[in-house]
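Positions are given from 1 along the sequence. Source: prediction; values computed, not measured.
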Amino acid sequence: MTINISVFKGSRNTASGNNGILKEVNGVNGIPISIAPGFPDLEDQFNQMGITHVRLHDCFGVGDIDNYFQPNRRNNQDQLIPNIPTTSRTKAKQFIADFANKRTIFPYAAAGMRANNVDLAFKDANYQMTDDYLKRIMSNNPSVNPGNIQRKVMFRIGRTLDGGYEIPQNFDIYATLISTLVNRYSLNYQATGLPRKIEYWEIWNEPDLTFFWNNNNPQIYYEFYSKIARMIKAVDPEAKVGGCGVANGYNPGGAYLDGLLNYCRSTNTPIDFLSWHYYGNLTSDPQNIIDIGNSIQSTLTRYGYGNIESLCTEWNSSPFGTVNTFTKVQSAKNAAYIASTLIYMQYCKTDKAYYYRGDGSSFGLFNDNPNPTNTSSKSFCTYSAQSFNLFTRIFETPFILTQNNSFNTGMTTLAAENAEGNKINILAANYKVDRNFSNGNIPPTETRLYKQYYLDSGRTINQITDQWSIDHWFGGVNPSSIITDNSVTQKNVVSQLPVNGRLTSRARNYNQSDSGLTLTINNIETKFRGYKITAYRIKEGGPLDKIEPQNVSDSVITNMTNGVLSIQDNSATPSTVTLYSIEFTNDQNGNTGGNTGGGSITYTVPIQAGIRTPLSMVLPTNYNFIANKQYRLTISRGLYYCPGSTTLNPQTNSCTTGGTAMYSYTNSIFTPFISGLLWGMISGSAYVYLPSGGNITCALTPV
């Protein structure tokens with residue numbers, strides 16, 4: 001059975017979003033510019049997805065302060081290595097280490113901190129690569145940015161994954177290094193060549209995991225945070241500072257949530273946002289984001305910070321770096337997980353969010369797989385990327401509407417309208433919770449493994465000598481000229497602090513959502529007498545030749561009567577995402593039909609008293625007919641024919657000889673001889689006549 005969900009037009013839900021307005025939670029980690037050889041540039045794709053917010057994190061040197069990659073360290077680069085051919089992995093580990101270490105902003109940071117020498121820490125400071133990437137991320141190429149997206153960057157202070165887990169050796173020197181970045185990218189961004197300033201500065205990443213911060217005394221992190229936050233504010237008082245991107249976003253009373261806020265309150269340390277992460281490996285349930293958001297809100301309120309921002313700076317269905325996971329997170333099932341999560345974020349304390357990750361690297365939204373509907377061509381994107389595209393389209397209609405969906409089935413919906421009230425977008429994600437989906441050891445069940453991009457380590461770092469490569473990945477700086485000394489003695493990893501509380505999956509009744517969806521839009525104003533609906537769907541096996549998913553308007557059955565529009569979609573089944581875009585019209589003729597894809601519709605038409613109304617004026621005003629295709633057209637009453645071979649002349653309201661019939665109508669089968677929007681433009685013998693006038697009901701179905 002299909003689930004029935006009612007939407008109430010004009011009733012804005014101020015308890016959702018930002019006081020009823022959609023929140024920009026569709027940011028990503030990962031960047032549109034290739035992070036390393038073997039990975040693509042994705043400016044056009046990012047723009048089509050509508051990515052406005054980017055977190056600068058795990059970019060292999062770009063934006064990193066003091067990386068110290070070691071090629072022989074155990075578990076080094078588990079994210080990238082699984083996609084690399086087995087015979088190339090040893091060489092690849094060396095390449096990753098050389099590549100990321102040489103792109104670090106301060107190649108002598110650790111040496112300077114070891115020697116308590118700030119001048120040594122600044123030796124050969126290498127801003128150019130990060131400068132160049134920031135300019136390209138933020139200054140979009142107009143030819144691939146027709147929407148003029150004004151992209152904004154969050155700067156994560158710290159290192160890329162596996163770039164070293166010991167804490168900085170001198171907090172004062174580290175803060176001084178950061179001050180030059182704030183001066184460069186925030187205070188004096190125009191002199192650096194950036195189109196807009198960097199506003200958000202996140203201090204470290206996941207210090208609650210000891211392979212990022214090898215210390216389990218939270219007080220040490222508090223002191224580090226305070227040094228950096230105060231330095232940033234001293235340089236640019238308008239910059240926004242916060243932390244700390246905790247891995248365990250659900251941890252009531254946790255040291256890096258409650259503890260950090262309590263420290264900031266007690267010491268008057270500035271904090272503008274609290275950041276946290278959520279991966280679905282514990283339950284595979286996207287609705288847990290509401291549990292985390294509510295917990296964060298309670299924590300913020302408890303310490304007097306209820307008005308600062310809550311930022312989810314990493315999230316995905318799984319954190320496990322395996323070939324199985326990399327396919328699963330690009331599948332249609334994960335597209336439904338993504339869309340569900342983006343919707344749920346509108347109903348909890350999540351002010352911004354950054355998916356991990358948006359590029360062509362591991363966990364990313366792009367791969368090297370053939371297009372499933374045309375295997376001779378490569379996919380332009382993945383189903384998960386298409387999910388971001390559909391969510392972005394809702395910003396055309398930013399005001400969230402009230403609905404009766406209690407989120408207790410697999411169907412998650414979000415309805416929103418524009419300020420004029422003549423357009424509604426409804427996003428529907430059908431996701432069935434499955435613990436195995438987040439398990440990296442279990443292969444995907446709904447698709448074969450997708451072919452991924454992987455690091456091209458065919459050259460050593462010193463063999464990158466062509467100018468294009470030097471410009472593209474090193475900002476014009478020859479890597480062979482870069483010497484680094486960020487070596488740090490890596491100590492044994494200490495034990496991590498315990499995590500409080502445990503998330504559980506929500507109970508659901510999938511019987512109500514397994515067979516699709518029926519939407520009812522209520523309270524449609526009388527001035528709107530017609531409508532046009534376009535539907536797009538993501539499903540496994542669907543085309544991936546463009547970001548816009550497949551148009552499936554012809555599979556949707558619609559009817560509008562007495563201010564209520566019903567939409568029946570039996571194909572909105574599990575592991576699908578569908579966007580219904582509805583435009584209302586005040587058509588003077590009152591024709592309420594309209595399905596531009598040529599599907600089945602039922603509609604009403606007002607008929608003037610005593611007038612022979614040609615059949616062509618009873619057709620829907622925005623239905624795309626196909627020449628010589630048969631359609632079953634049934635009319636409730638008042639249907640007549642001109643005798644013999646005569647046709648109806650609308651000018652004289654009479655049956656006359658002559659004229660070229662442009663359709664046939666026999667036994668309720670309507671066959672047009674031309675294609676297109678045919679209302680009022682074709683001649684024939686059938687007409688409707690009501691002596692006293694009134695409405696007729698019409699049903700149109702392709703045969």
Working note: T397 + N425, criterion side chain to side chain donor-acceptor pair (under 3.5 Å); need CA distance, chi angles, decisive distance, verdict. CA-CA 7 Å; T397 54; N425 282 312; 3.2 Å; yes
If we ignore angles and hydrogens, is there a donor and acceptor under 3.5 Å between the side chains of [X] and [Y]?
X    : Y    : answer
S636 : T697 : no
E43  : N47  : no
T2   : N570 : no
T604 : N695 : no
D351 : S310 : no
R537 : T576 : no

Partners of Y640 by ring pair (Phe, Tyr, Trp, His ring centres under 6.0 Å), sequence neighbours excluded? Y687
Please name all residues satisfying ring pair (Phe, Tyr, Trp, His ring centres under 6.0 Å) with Y278, sequence neighbours left out, ordered by chain then number.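 Here no residue qualifies.
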Okay, side chain of [X], backbone of [Y]: is any donor-acceptor separation there less than 3.5 Å?
X    : Y    : result
D569 : T518 : no
N371 : S377 : no
D359 : L42  : no
N418 : G421 : yes
Y665 : P672 : no
N26  : F388 : no
R508 : R506 : yes
T656 : N649 : no

Considering only distance and modelled atom types, tabulate donor-acceptor pairs under 3.5 Å from the side chains of residues 332-339, sequence neighbours left out.
residue: K333; atom: NZ; partner: K432; partner atom: O; Å: 2.9
residue: N334; atom: OD1; partner: S317; partner atom: OG; Å: 2.7
residue: N334; atom: ND2; partner: V329; partner atom: O; Å: 2.9
residue: N334; atom: ND2; partner: Y355; partner atom: OH; Å: 3.3

Find out whether the Lys NZ or Arg CZ of R393 is both under 6.0 angstrom from the six-membered ring centre of Y536 and within 45° of the ring's axis.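 Yes, R393 sits over the ring of Y536.
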How close do [X] and [Y] get, heavy atom to heavy atom, and via which atoms?
X    : Y    : value
V433 : S284 : CG1-O, 3.8 Å
G358 : F46  : O-CE1, 3.2 Å
L427 : V577 : CD1-CG1, 3.8 Å

If we only count heavy atoms from C-beta on, is the [X] to [Y] side-chain gap below 4.5 Å?
X    : Y    : result
Y383 : Q330 : no
E583 : N422 : no
K451 : N367 : no
V7   : N522 : no
Y623 : F625 : yes
I557 : I567 : no
Y431 : S575 : no
Q403 : I426 : no

Residue pairs passing the ring pair (Phe, Tyr, Trp, His ring centres under 6.0 Å) test where at least one lies in [range], sequence neighbours excluded:
range            : result
residues 556-578 : none
residues 405-430 : Y344-F407, Y347-F407
residues 552-580 : none

Residue pair T534, S581: steps toward the side chain to side chain donor-acceptor pair (under 3.5 Å) verdict: CA-CA 5 Å; T534 309; S581 187; 5.8 Å; no
If I take atom SG from residue C698 and atom CD1 from residue I635, how far apart are they, to the nearest 0.5 angstrom?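 Between C698 SG and I635 CD1, I get 5.0 Å after rounding to 0.5 Å.
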Quick one: pull up CZ in F380 and CG in D545 and give me the separation to the nearest 0.5 Å. 9.5 Å
Suppose we screen for side-chain hydrogen bond (donor to acceptor under 3.5 Å, both in side chains). Which residues come up paired with [X], at least two apart in sequence or across chains?
X    : answer
E525 : K9
S505 : D285
S331 : none
R196 : Q150

Could you walk me through whether K352 and E309 satisfy the salt bridge (charged side-chain N to carboxylate O under 4.0 Å, His left out) test, starting with their C-alpha distance in whole Å, then the side-chain angles of each, then the deciding distance to 0.1 Å, before giving a yes or no? CA-CA 8 Å; K352 289 187 181 68; E309 289 183 286; 3.1 Å; yes
Mark yes when over 12 heavy atoms from residues, nucleotides or ligands other than R637 sit less than 6.0 Å from its CZ; otherwise mark no.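 Enclosed.
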Would you indicate whether K539, at its atom NZ, is surrounded by more than 12 heavy atoms from other residues, nucleotides or ligands within a distance under 6.0 Å? no
Listed pairs under 3.5 Å, donor-acceptor, residues 13-23 side chains, sequence neighbours left out:
residue: N13; atom: OD1; partner: A15; partner atom: N; Å: 3.1
residue: S16; atom: OG; partner: N13; partner atom: O; Å: 2.8
residue: K23; atom: NZ; partner: M345; partner atom: O; Å: 2.8
residue: K23; atom: NZ; partner: C348; partner atom: O; Å: 2.7
residue: K23; atom: NZ; partner: T350; partner atom: O; Å: 2.8

E24 and T52: CA distance, side-chain angles, deciding distance, side chain to side chain donor-acceptor pair (under 3.5 Å) verdict: CA-CA 8 Å; E24 294 183 351; T52 303; 5.3 Å; no
With sequence neighbours left out, write down each residue that passes disulfide bond (SG atoms under 2.5 Å apart) with C655, or none if nothing qualifies. C642
Decide side chain to side chain donor-acceptor pair (under 3.5 Å) for N4 and T520; before the verdict, give the C-alpha distance in whole Å, the side-chain angles of both, and the deciding distance to 0.1 Å. CA-CA 7 Å; N4 293 278; T520 303; 5.5 Å; no
Using 30° and 60° as the class limits, which term best fits the ring planes of F395 and F391: parallel, tilted or perpendicular? perpendicular
Aromatic ring pairing Y663/F670, orientation class (parallel under 30°, perpendicular over 60°, tilted between): tilted
